[in-house]
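All figures in this text were calculated on a predicted structure; none of them were measured in a lab.
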Amino acid sequence: MARGRQHWLMKTEPAVFSFDDLMAAAGRKAAWDGVRNYQARNSLRAMRRGDLVFIYHTNAAPSGIAGIAEVVREAYPDPTQFEPGHDHFDPRSKAQAPSWDMVDVRGIEALPRLLSLEELKSEPALASLQVCQRGSRLSVHPVSAAEWERIVALAKRKSRP
DNA sequence: GCCAACGTTGGC
DNA sequence: GCCAACGTTGGC
């Protein structure tokens with residue numbers, strides 16, 4: 001069954017791994033490890049090669065969408081869940097049925113400017129974007145085609161006065 | 001299955 | 001660093 005390109009948003013702390021770090025990585029590629037939330041994991045598992053992803057900077061000044069990446073490898077087990085002592089070690093995960101997956105992404109391009117959370121929230125058309133919700137903690141989530149287009153268009157515009 | 005306690009996230 | 005919001009855990 002054919003399926004169009006879908007759109008997603010993934011959060012990262014730029015102090016740990018920023019969009020610029022992704023663009024500077026070998027092949028502009030990175031394995032997106034460390035997701036330890038079931039809803040976010042389910043989104044990872046639903047991603048398909050070629051899907052587009054906004055890379056969102058969290059715990060940043062300001063927080064916001066920094067750039068665009070694409071999925072280049074679909075979900076596969078995150079090896080850090082099996083590494084005792086690792087921050088993301090999960091003693092309950094079974095090798096035969098790993099709890100946590102990751103995908104590989106490749107950086108495509110930075111947005112013309114960082115779209116801050118404040119600006120995203122001020123856009124009525126983006127009111128239902130998950131990252132705009134109060135208390136939103138989901139580190140990976142879908143973005144509708146309309147939201148995606150809106151955000152790309154906004155980023156091309158000059159920052160409002 | 002309920003729900004209080006706890007740990008984490010993340011904006012500010 | 002604060003603290004609200006949220007997800008997870010575990011006692012019952």
Query raised in the report: Once you round it to whole Å, what is the distance between P of C/dT8 and OH of A/Tyr38?
Result: 7 Å
Report summary line: Against the side chain of A/Lys11, the closest entry in B/dC12, C/dT8, B/dG10 is B/dG10
Query - For A/Trp148, ring pair (Phe, Tyr, Trp, His ring centres under 6.0 Å) partners two or more places apart - result: A/His7, A/Phe54
Query - Separation of atom CG in A/Leu9 from atom C1' in B/dT9, rounded to whole Å - result: 15 Å
Report task. Mind calculating the distance between CG (A/Leu117) and C1' (B/dG10) to the nearest angstrom? Result -> 10 Å
Report task. Sequence neighbours left out, what passes salt bridge (Lys or Arg N to Asp or Glu O under 4.0 Å) with A/Asp101? Give chain and number order. Result -> A/Arg45
Query raised in the report: Which parts of residues 78-92 of chain A get close to DNA chain B, meaning a heavy atom less than 4.0 angstrom away?
Result: none
Report summary line: Those residues at least two apart in sequence (or on a different chain) that pass side-chain contact (heavy atoms from CB on, under 4.5 Å) with A/Ala110 are A/Phe19
Query - Residue that, paired with A/Ile65, satisfies side-chain contact (heavy atoms from CB on, under 4.5 Å) out of A/Val143, A/Leu114, A/Val131, A/Leu9 - result: A/Leu9
Requested in this report: State whether a side-chain donor-acceptor pair under 3.5 Å links A/Asp104 with A/Trp32.
Outcome: no
Report task. Please name all residues satisfying side-chain hydrogen bond (donor to acceptor under 3.5 Å, both in side chains) with A/Gln6, sequence neighbours left out, ordered by chain then number. Result -> A/Arg3
Query raised in the report: Who are the salt bridge (Lys or Arg N to Asp or Glu O under 4.0 Å) partners of A/Glu74, not counting sequence neighbours?
Result: A/Arg48
Report task. Measure from CD on A/Gln39 to C1' on B/dT9 and round the result to the nearest Å. Result -> 14 Å
Query raised in the report: Quick one: do the A/Thr58 and A/Glu13 side chains pair a donor with an acceptor below 3.5 Å?
Result: no
Report task. Report the C-alpha separation of A/Glu119 and A/Leu154 in whole Å, then their side-chain angles, then the decisive distance to 0.1 Å, and conclude whether the side-chain contact (heavy atoms from CB on, under 4.5 Å) test is met. Result -> CA-CA 9 Å; A/Glu119 187 168 355; A/Leu154 267 178; 4.0 Å; yes
Query raised in the report: Are a donor atom and an acceptor atom from the side chains of A/Thr80 and A/Arg36 found within less than 3.5 Å of each other?
Result: yes
Query raised in the report: Quick one: A/Asn37 CG to B/dG10 C1', roughly how many Å, whole number?
Result: 14 Å
Report task. Check side-chain contact (heavy atoms from CB on, under 4.5 Å) between A/Asp20 and all other residues, then give those that pass, not counting sequence neighbours. Result -> A/Ser18
Pairs: protein N or O with nucleotides 2-6 of chain B N or O, under 3.5 Å:
none

Query - Transitive ILVMFWY cluster of A/Phe89, excluding itself - 4.5 Å side-chain cut-off - result: none
Query raised in the report: Looking at DNA chain C, which of residues 126-136 of chain A put a heavy atom within less than 4.0 Å of it?
Result: A/Arg134, A/Gly135
Query raised in the report: Does A/Tyr38 sit in a hydrophobic cluster with other residues, and if so which ones, taking ILVMFWY side chains as linked at heavy-atom separations under 4.5 Å, directly or through other members?
Result: A/Trp100
Query raised in the report: Is there a residue in residues 54-67 of chain A whose heavy atoms reach under 4.0 Å of DNA chain B, and which residues are they?
Result: A/Tyr56, A/Thr58, A/Asn59, A/Ser63
Query raised in the report: Which whole-number value in Å describes the distance from A/His141 NE2 to B/dT9 P?
Result: 16 Å
